[in-house]
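The analysis underlying the following values was restricted to heavy atoms, covering all of them including side chains, and did not include hydrogens, waters or symmetry mates. Count residues from 1 along the sequence. Model, not experiment: these values are computed from the prediction.
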Amino acid sequence: DHESDDDSYEVLDLTEYARRHHWWNRVFGRNSGPIAEKYSVATQIVMGGVTGWCAGFLFQKVGKLAATAVGGGFLLLQIASHSGYVQVDWKRVEKDVNKAKKQLKKRANKAAPEINTLIEESTEFIKQNIVVSSGFIGGFLLGLAS
């Protein structure tokens, strides 16, 4: 008398839902139009510049931290290997890296249509909000240089 498990649940395709319901629709409203219609040019440049500078500054700091961690880990591995604590099978490492490269290429080819859609949507968003986007890019470059 119980329904089967398949009948009691509705299947929701999240990829299709995400394509139809973009995050900026929730933030700006479905028919909000470009940001240029809401704020003055100076305000848009300042908003884009400040957010871009913050993003660039954080990107620089995180990049330095990641490079330090990877470089430090490699240095410690070399010291341990040279001291005899660790023996690295470099042929096996090379084999695993090549295997990982092949898997990444396969996944990249499968993801290409979704990436192209994302790029097209991002390009359209940037075109509609060119003033904010240019302020963001300028601020991002300044943040990297800070």
To the closest 0.5 Å, what do you measure between [atom1] ([X]) and [atom2] ([Y])?
{"X": "N129", "Y": "E124", "atom1": "CG", "atom2": "CD", "value": "9.5 Å"}
{"X": "I137", "Y": "I130", "atom1": "CD1", "atom2": "CD1", "value": "7.0 Å"}
{"X": "L76", "Y": "Y85", "atom1": "CG", "atom2": "OH", "value": "13.0 Å"}
{"X": "S133", "Y": "I45", "atom1": "OG", "atom2": "CD1", "value": "11.5 Å"}

> Does the pair V46 and V50 meet the rule for a side-chain contact (heavy atoms from CB on, under 4.5 Å), with working shown?
Replying inline: CA-CA 6 Å; V46 169; V50 168; 4.2 Å; yes
> Would the number of heavy atoms belonging to other residues, nucleotides or ligands and lying under 6.0 Å from CD of Q87 be above 12?
Replying inline: no
> Hey, does K101 have a side-chain heavy atom less than 4.5 Å from the side chain of N98?
Replying inline: yes
>> I'd like to check T51 versus M47 (side-chain heavy atoms, cut-off strictly below 4.5 Å). Are they in contact?
In response: no
Residues clustered with [X], ILVMFWY side-chain links under 4.5 angstrom:
{"X": "L75", "answer": "I79"}
{"X": "L118", "answer": "none"}
{"X": "V62", "answer": "none"}

So, for [X] and [Y], which heavy atoms are closest and what is the spacing to 0.1 Å?
{"X": "F59", "Y": "L144", "answer": "CD2-CD2, 3.7 Å"}
{"X": "S146", "Y": "F57", "answer": "CB-CD1, 4.0 Å"}
{"X": "F136", "Y": "A55", "answer": "CZ-CB, 3.9 Å"}

> If two hydrophobic side chains count as joined below 4.5 Å and joins carry through other members, does V93 share a cluster with V86?
Replying inline: yes
> Are F125 and E121 close enough, and set up right, to give a side-chain contact (heavy atoms from CB on, under 4.5 Å), and what steps lead you there?
Replying inline: CA-CA 6 Å; F125 182 80; E121 291 173 356; over 6 Å; no
